[in-house]
Amino acid sequence: MRTVKERAELALNNEFLRKAVRFTTERLRDGKRKASEDHGNWEEWRERGRQIRLHTIAHLDYYLNRFAEQARANGAHVHFAETGAEAVKIALEIAAHKAARSVVKSKSMVSEELHINRALEEAGIEAVETDLGEYIIQLAGEAPSHIIIPAIHKNRHQIAELLSREAGEELPPETSVLAGFVRRKLREKFLSADIGMTGCNFAIAETGSIVLFENEGNARMVSTVPKTQITFMGMERIIPSWSDLEVMATLLPRSATGQKLTVYMSGITGPRRTADGDGPEEMHIIILDNGRSEQLGDPEFQELLNCIRCGACLNACPVYRHIGGHAYGGTYSGPIGAVLTPALNKNVAEWDDIASASSLCGACYEACPVKIPLHDMLVYLRRRKVEQGYGNKLETAGMKGFAAVTASSKRFHRALKAGRVVQRLVVRNGEIPARIGPLKGWNKYRVAPSLANQPFRERWDTLQHELRASTALTVTAQAAQERMKAALNRRAAKVEGREAADRTQRSAGDHAGPAFVRKEGQTYDG
């Protein structure tokens, strides 16, 4: 398996992928910004969402038990799976019991986490993705590169080639034609499928209901046409009540795609009842742990379970926008994937790999609708990796040397002076283009600036003197302005006094006799 650096190298050399990912994530990010601004009090709702998630995860055992009780009371079969392998086994047993030959699936990141398609195919069961993006990447034999838009890295010409191969005829790269073909193809699959398989955006503890968010309507078809429904649900996807769903239904679509509301929001409470016109005759809900419970009680990582899978952190992340999702090497990509993958798998060897794919800029936290501090968690992962002895020995030695130098001002200044002398061997026009040592990775895409001939610390006395002189001049100028202003005020007061005296004299003359009025140099008797 390649390292994240090697996978990122492939992505960086794929110009189309970089442009496509950048274009789409910028559009999604701008849509989220506009939708949140239009909402008006977005930060208040973010905090409400965070508090709901914090409360739910803190009492997860209670709400899971309540959900299971209510779902069973509604006629659903509820299964708990500790591992991914156990969840797959339960699903295959259900399929075998129903003698299923085909399964239609709506978009589900948990099913991607389980690699359920591969397991079904190995069991001789056809599995068909019905979300358009998922269907495209299934034909391509690839994994999703984005939580919300799986085929973000493909253009319509590539999609036309894939669909033409499936259709057995050449299809033009026109969106309406391609979407029309997929619609006709999937309609046949919906009608013939033995099992419908879905994910779960939210589970309502008070009623035992599951809620699906989508924009295409395929999840509604998957959950109503086949006679049997299997729903994969991460154990953290639960919320207490329908009133809490109002907050999530506000946060999720705005954060994901900039929509005020998702096009389809389906609430499913058990299998079909006698009076219902459609729906599955049998419903199974498989609640998956797969490492999630390991985060409970961990003050550094419990908030990881607050995630509502909106993908906003991917759209905001400068690293993801450059390398796309496949470079992360796991089911989940972007900042959430960089934390979730090693945390769920407890894979210390990969912590230095995936967790290092971040600039720690904090953009993911600012974008997250429930305020998960992913940038802090990435630092925690890096620290744990070092504490468990998986650190880079050369890097460790370098940091110890840096600490020893900076611990003493004398050693620090001596090191700077030595550096200014040594750098002359590699400096060109004020820059260091050489790809040696720690500069190798940095200078591959940019150049490092050279050390200043006179560092800021040595310039400080001169700068302070200049500052004092400038301040003194400013004070002097201000004093001169104040004196000028006072003189002008005194002059204005004298002029006003003389004019008042003149008016008094003219008034007295009016009472004493005829007034003489001066007009254009003449005098005449009024």
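Using a 4.5 Å heavy-atom threshold, the side chains of Arg7 and Val4 count as touching. Looking at Glu282 and His77, their side chains come closer than 4.5 Å, going by heavy atoms from C-beta outward. Contact of the Pro240 side chain with the His55 side chain is registered, since non-hydrogen atoms from C-beta on lie closer than 4.5 Å. Side-chain contact between Leu132 and Glu216 is present, with at least one heavy-atom pair separated by less than 4.5 Å. By the 4.5 Å heavy-atom criterion applied to side chains, Ile287 and Arg237 are not counted as neighbours. Met265 places none of its side-chain heavy atoms less than 4.5 Å from the side chain of Leu212.
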For residues 79-92, run the donor-acceptor check on the side chains, cut-off 3.5 Å, and write out each pair with its distance to 0.1 Å, sequence neighbours left out.
from: His79; atom 1: NE2; to: His284; atom 2: ND1; distance (Å): 2.9
from: Thr83; atom 1: OG1; to: Glu86; atom 2: N; distance (Å): 3.1
from: Glu86; atom 1: OE1; to: Glu82; atom 2: N; distance (Å): 3.2

Mind listing the side-chain donor-acceptor pairs of residues 357-373 below 3.5 Å, one per line with the distance, residues two or more places apart or on another chain?
from: Ser358; atom 1: OG; to: Leu360; atom 2: N; distance (Å): 3.0
from: Lys371; atom 1: NZ; to: Glu47; atom 2: OE1; distance (Å): 2.9

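In this structure, the side chain of Asp194 engages the main chain of Ser102 through a donor-acceptor pair within 3.5 Å. Lys107 places no side-chain N or O within 3.5 Å of a backbone atom of Thr198 that could act as its donor or acceptor partner. Judged by distance alone, the side chain of Arg29 and the main-chain N or O of Ala316 form no donor-acceptor pair under 3.5 Å. Side chain of Asn74 to backbone of Ala76: no donor-acceptor contact under 3.5 angstrom is found. Judged by distance alone, with hydrogens and angles left aside, the side-chain atoms of Arg66 form no donor-acceptor pair with the main-chain N or O of Ile204 at under 3.5 Å.
Stacking of Arg220 on the aromatic ring of Tyr264 is not recorded, the 6.0 Å distance cut-off and the 45° axial limit not both being met. The cationic group of Arg309 lies under 6.0 Å from the six-membered ring centre of Tyr332 and within 45° of the ring axis, placing it in a cation-pi geometry.
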For this session: Could you please spell out the steps behind the side chain to side chain contact (heavy atoms under 4.5 Å, CB included) verdict for Phe301 and Met377?
Result: CA-CA 7 Å; Phe301 290 99; Met377 294 180 182; 3.8 Å; yes

For this session: Please step through side chain to side chain contact (heavy atoms under 4.5 Å, CB included) for the pair Arg292 and Asn290, ending with a clear verdict.
Result: CA-CA 6 Å; Arg292 289 162 172 79; Asn290 204 30; 3.8 Å; yes

Problem set entry | Audit row: Asn41, Arg48, side chain to side chain contact (heavy atoms under 4.5 Å, CB included) steps and yes/no | CA-CA 11 Å; Asn41 52 346; Arg48 287 181 67 185; over 6 Å; no

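By the 4.0 Å N-to-carboxylate-O rule, Glu300 lies close enough to Arg383 to be salt-bridged with it. In this structure, Glu15 pairs ionically with Lys19, as a charged nitrogen and a carboxylate oxygen lie closer than 4.0 Å. A salt bridge does not link Lys34 with Asp30: every distance from a Lys NZ or Arg NE/NH1/NH2 to an Asp or Glu carboxylate oxygen is 4.0 Å or more. Using a 4.0 Å cut-off between charged side-chain N and carboxylate O, Arg46 and Glu43 make a salt bridge. Using a 4.0 Å cut-off between charged side-chain N and carboxylate O, Glu126 and Lys105 make no salt bridge. Using a 4.0 Å cut-off between charged side-chain N and carboxylate O, Glu9 and Lys5 make no salt bridge.
Enclosure of atom CD in Gln302 by more than 12 non-hydrogen atoms of other residues, nucleotides or ligands within 6.0 angstrom is indicated. Annotation for His322: atom NE2 does not count as buried by contact number, only 12 or fewer foreign heavy atoms lying within 6.0 Å.
Thr257 and Gln259 are linked by a side-chain donor-acceptor pair at a separation below 3.5 angstrom, with hydrogens and angles left out of the test. Under 3.5 Å, the side chains of Thr231 and Gln229 contain a donor-acceptor pair of N or O atoms. Asn117 and His115 form no side-chain donor-acceptor contact under 3.5 Å, judged by distance and modelled atom types alone. In the model, Thr130 has a side-chain atom that pairs as donor or acceptor with a side-chain atom of Asn218 under 3.5 Å.
Ile52 pairs in a side-chain contact (heavy atoms from CB on, under 4.5 Å) with only one of the listed residues (Ile57, Ile308, Asp244, Leu251), which is Asp244.
Across every non-hydrogen atom of Leu17 and His153, the tightest pair is CD1-CB, 4.1 Å. Nearest heavy atom pair, residue Gly258 against residue Ala35, reads O-CB, 3.4 Å.
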